[in-house]
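What follows is a single structure, written as structure tokens, with notes after it.
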Amino acid sequence: MANSVRLRFAPSPTGDPHVGNIRTAVFNWLFARHHGGSFAIRIEDTDQAREVAGATEALLESLRWLGLDWDEGPDIGGPFGPYLQSQRLDGYRDAASRLLETGSAYYCYCSSKRLAELREKQARLKMDPGYDRQCRDMTAAEQIEWAKGRATPAVRFKMPMDGSTTVDDLIRGRVTFENRLLDDFVILKSDGFPTYHLANVVDDHTMKISHVMRAEEWLSSIPRHLQLYEALGMEPPRFAHLPMILAEDKSKLSKRHGAAALLEYRSSGFLPDAMVNFLALLSWSLDDKTEIMSREELVRHFSIERVAKAGAIFNQEKLLWFNGQYLRKMVDKDLAETLLAYWRAYPPPEIPDLPERDYLLRIVPLIRDRIKTMSDAAPLVTFFFRDTIDYETEELVQKGMDRQSTKVALERALDVLTQIESFDAAATEAGVRPLAAELNIKAGQLFGSIRVATTGLRVAPPLFESLEILGRERSLGSIKSALERL
RNA sequence: GGCGCAUUCGUCUAGCGGCCAAGGACACCGCCCUCUCAAGGCGGAGAUCACGGGUUCGAAUCCCGUAUGCGCUACCA
């Protein structure tokens, strides 16, 4: 038996999906799944001028990456399709016709030039901006006269001149607007396409959407939508206006802030689970301490009552921490495979030939605690995949030592490592560590030189574990060539 | 300008009249652990709960006002 809870995510394909949009998708999805309802994707492509090629696919790809599955959408269809507004034009025209017939709407012949002048004049005279309703009460004869030599008229909605409209928002409670403060907005543009207001209302109704969860920037338009529902004789859905995601400067997060494009987080090596967890916690919380939650836990606990009212700044530091937490929870096998898949999608220049899975499997435990995103991995493990390693000779010389003492230390280490029976981490460490006292240097100094000689790095995965994976031959070879440099 | 929404540590937040001289997390600082770097453990610093009035025996929590921030004010969404 189908549940009557139906949510929808309705983005317009005007560019790269950004974290603000996607967070709205996350909340809608969470709410739908929590209630066992359905989740639909509807593309609001009613502005031909602003449409960006590939934007719809990027939107779907973003949701797929995050694992937010949908039951109906432009790619899979569904009982209320099509899910592209540009393919549902008839429905909007029918609605506009009905509104025209019942006297709730009228044709507007004003040119964009006149409208621009009107706005300019209103600004100059410090009058309230808005359409002056010139075409509102035209007679049929006047309309015919006006229509001569002009392009197709737009259709405007007759906003009531008095009274007020109140919405009972699930997050903000009752919010009231004076009708007379709103102008007669366009519902059907002269190019035959609907504006957001009309299309949104008509589609949410025909698609039987039960809850509309969208960003707070839409709260100001709610009286228009409610009036539209009423004039159309439709029962409005429930509304919940989500607080916005803000940039560091507290302004609305947008492309110009950078770091807003969702898919960039994928290429930067973030994990979808971490991203969903982080996004879910932006203006929503379970309690005073739970932060790490799996997708299932989020679905189980999500409730609109616990959505906050104030906007939240998108904090990348915290996202990084979440990602680290998720990385650390992964078992070796998963981490190795995820890393391999990531490298396949975004080949790291340091590693031209991707390693064998089994080989990577041994390396992964050494770096798991040392990376915050998958992009941190390559620089740390490159030496495992190279025949020769690269570094400045001076790097071999540790603080408090000189070339000569470094050379002596490495020679002794070479001796020990050459003779050692088993080349595992425990054995090599047991063999090398005593050398420090013998040479009268600190273990850190000794290990530091060996580290640079064998990995080329000053900051690297644990030394002896790395040597074990490198194997005796390569390890000794590296030390020998370091000796030749000194 | 008008309308609307919001306001607890730098940031994300807990708090829905007494349990709060405000709890958790990120970031920051210190200590421990330690072969580097991390991770981890422990501890510290950090919020006169925007401000001012009320209501109440009692307010971060309720009401009013002010300030500030943000959003909307397109034939864009």
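Computed from a predicted model, the values in this text were never measured in an experiment. In the text below, chain A, chain B and the rest are named by the order of the sequence lines, each starting its count at 1. Basis for what follows: all heavy atoms, side chains included, without hydrogens, waters or symmetry-related copies.
- As judged by a 4.0 angstrom heavy-atom cut-off over every strand, Pro194(A) is placed among residues touching the sugar-phosphate backbone only.
- In this structure, CG of Asn323(A) is placed 14 Å from C1' of rC26(B), rounded to the nearest angstrom.
- The listed nucleotides are rG71(B), rG24(B), rU36(B); the one nearest the side chain of Ser220(A) is rG71(B).
- Rounded to whole Å, atom C1' of rG24(B) lies 13 Å from atom CD1 of Ile292(A).
- Within the 4.0 Å cut-off from OP1 or OP2 of rC35(B), at least one side-chain nitrogen or oxygen of Arg433(A) is found.
- If you measure from atom CD1 of Ile222(A) to atom C1' of rU73(B), you get 16 Å, rounded to the nearest angstrom.
- The side chain of Lys126(A) places no N or O atom within less than 4.0 Å of a non-bridging phosphate oxygen (OP1 or OP2) of rG2(B).
- Rounded to an integer number of Å, the gap from CZ of Phe177(A) to P of rC3(B) is 12 Å.
- For the pair Arg368(A) and rA39(B), the criterion of a side-chain N or O lying under 4.0 Å from OP1 or OP2 is not met.
- Here Pro11(A) lies out of heavy-atom contact (under 4.0 Å) with every strand.
- At whole-Å resolution of the value, CG in Leu188(A) and P in rA74(B) are 19 Å apart.
- Straight-line distance between the C1' atoms of rU61(B) and rG18(B): roughly 11 Å, to the nearest whole Å.
- Across the C1' atoms, rC20(B) and rU48(B) are found 14 Å apart, a figure rounded to whole Å.
- Met244(A) comes within 4.0 angstrom of the backbone, heavy atoms only, and of no base.
- Residue Ala312(A) is classed as a sugar-phosphate contact, given heavy-atom separations below 4.0 Å to backbone atoms only.
- Within the cation-pi definition used here (under 6.0 Å to the ring centroid, within 45° of the axis), Arg156(A) does not qualify as a partner of Phe185(A).
- When heavy atoms are screened at a 4.0 angstrom cut-off, Glu217(A) is found touching base atoms of the nucleic acid.
- Looking at heavy-atom distances under 4.0 Å, Pro243(A) makes no contact with the nucleic acid at all.
- For the P atoms, the distance linking rU8(B) with rC51(B) amounts to 11 Å, nearest Å.
- Scanning atom types as modelled, no donor and acceptor separated by under 3.5 angstrom connect the side chain of Thr195(A) and the base of rC75(B).
- As rounded to the nearest Å, rA14(B) and rC72(B) have P atoms that lie 25 Å from one another.
- The pairing partner recorded for rC9(B) is none, the criterion being a Watson-Crick or G-U wobble arrangement whose two distances lie under 3.5 angstrom.
- The ring of Tyr196(A) has its center closer than 6.0 angstrom to the ring center of His225(A).
- Distances shown here put a side-chain N or O of Ser285(A) below 4.0 Å from the OP1 or OP2 atom of rA14(B).
- Around the NZ atom of Lys158(A), the shell of radius 6.0 Å holds more than 12 heavy atoms that belong to other residues, nucleotides or ligands.
- In this entry rC70(B) has rG4(B) as its Watson-Crick or G-U wobble partner, both defining distances falling under 3.5 Å.
- Here the side chains of Arg8(A) and Met213(A) are not in contact, with every heavy-atom distance at 4.5 Å or above.
- As judged by a 4.0 angstrom heavy-atom cut-off over every strand, Leu463(A) is placed among the base-contacting residues.
- Between the side chains of Asp402(A) and Ser405(A), at least one donor N or O lies within less than 3.5 Å of an accepting N or O.
- In summary, Asp183(A) and Arg224(A) engage in a salt bridge, as defined by a charged side-chain N under 4.0 Å from a carboxylate O.
- Annotation for Glu392(A): atom CD does not count as buried by contact number, only 12 or fewer foreign heavy atoms lying within 6.0 Å.
- Comparing rC19(B) with rA59(B), their P atoms are spaced 11 Å from each other, to the whole Å.
- Ion pairing between Glu117(A) and Lys121(A) fails under the 4.0 Å rule for side-chain N and carboxylate O.
- Residue Thr46(A) has a polar side-chain atom (N or O) positioned under 4.0 Å from OP1 or OP2 of rA77(B).
- Phosphate contact (OP1/OP2 of rU13(B), side-chain N/O of Ser283(A), threshold under 4.0 Å): present.
- The phosphate of rA39(B) has OP1 or OP2 within less than 4.0 Å of a side-chain N or O from Lys372(A).
- Here rA25(B) presents its P atom at 17 Å from CZ of Phe278(A), a figure rounded to the nearest Å.
- For the C1' atoms, the distance linking rC9(B) with rA25(B) amounts to 12 Å, nearest Å.
- The CD1-P distance, from Ile450(A) to rC37(B), rounds to 17 Å in whole Å.
- Side-chain to base pairing of Lys318(A) with rA25(B): one donor and one acceptor N or O lie within less than 3.5 Å of each other.
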Protein N or O to nucleotides 5-10 of chain B N or O, pairs below 3.5 Å:
from: rC5(B); atom 1: O2'; to: Arg172(A); atom 2: NH1; distance (Å): 2.7
from: rC5(B); atom 1: O2'; to: Glu216(A); atom 2: OE2; distance (Å): 2.9

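- Within 4.0 Å (heavy atoms only), Arg306(A) reaches sugar-phosphate atoms of the nucleic acid but no base atom.
- Atom name P, nucleotides rC26(B) and rA39(B): the rounded distance is 11 Å, in whole Å.
- Of the nucleotides present, rC51(B) is the one that pairs with rG65(B) by Watson-Crick or G-U wobble criteria, both distances under 3.5 Å.
- Base-pair partner of rC57(B): rG18(B) (Watson-Crick or G-U wobble, both distances under 3.5 Å).
- Looking at heavy-atom distances under 4.0 Å, Gln325(A) makes contact with sugar-phosphate atoms alone, never a base.
- Surrounding CG of Asn440(A) are at most 12 heavy atoms belonging to other residues, nucleotides or ligands under 6.0 Å away.
- When both distances must be under 3.5 Å, the Watson-Crick or G-U wobble mate of rG46(B) does not exist.
- Checking the phosphate oxygens (OP1, OP2) of rG1(B), no side-chain nitrogen or oxygen of Arg124(A) falls inside 4.0 Å.
- Spacing of P atoms, rC16(B) relative to rU7(B), comes out at 16 Å, to the nearest Å.
- With distances taken from any side-chain atom of Phe447(A) to the nucleotides rC35(B), rC75(B), rA77(B), the minimum falls on rC35(B).
- Backbone-only contact: Leu282(A) has heavy atoms under 4.0 Å from sugar-phosphate atoms and none from a base.
- Computed from coordinates, the Arg370(A) CZ to rG40(B) P distance equals 12 Å when rounded to whole Å.
- Both tests hold for Arg23(A) against Phe27(A): distance to the six-membered ring centre under 6.0 Å, angle to the ring axis within 45°.
- The 12-atom threshold is not exceeded at NZ of Lys309(A), counting heavy atoms of other residues, nucleotides or ligands nearer than 6.0 Å.
- Side-chain proximity of Leu181(A) to the nucleotides rA14(B), rC3(B), rC35(B) is greatest for rC3(B).
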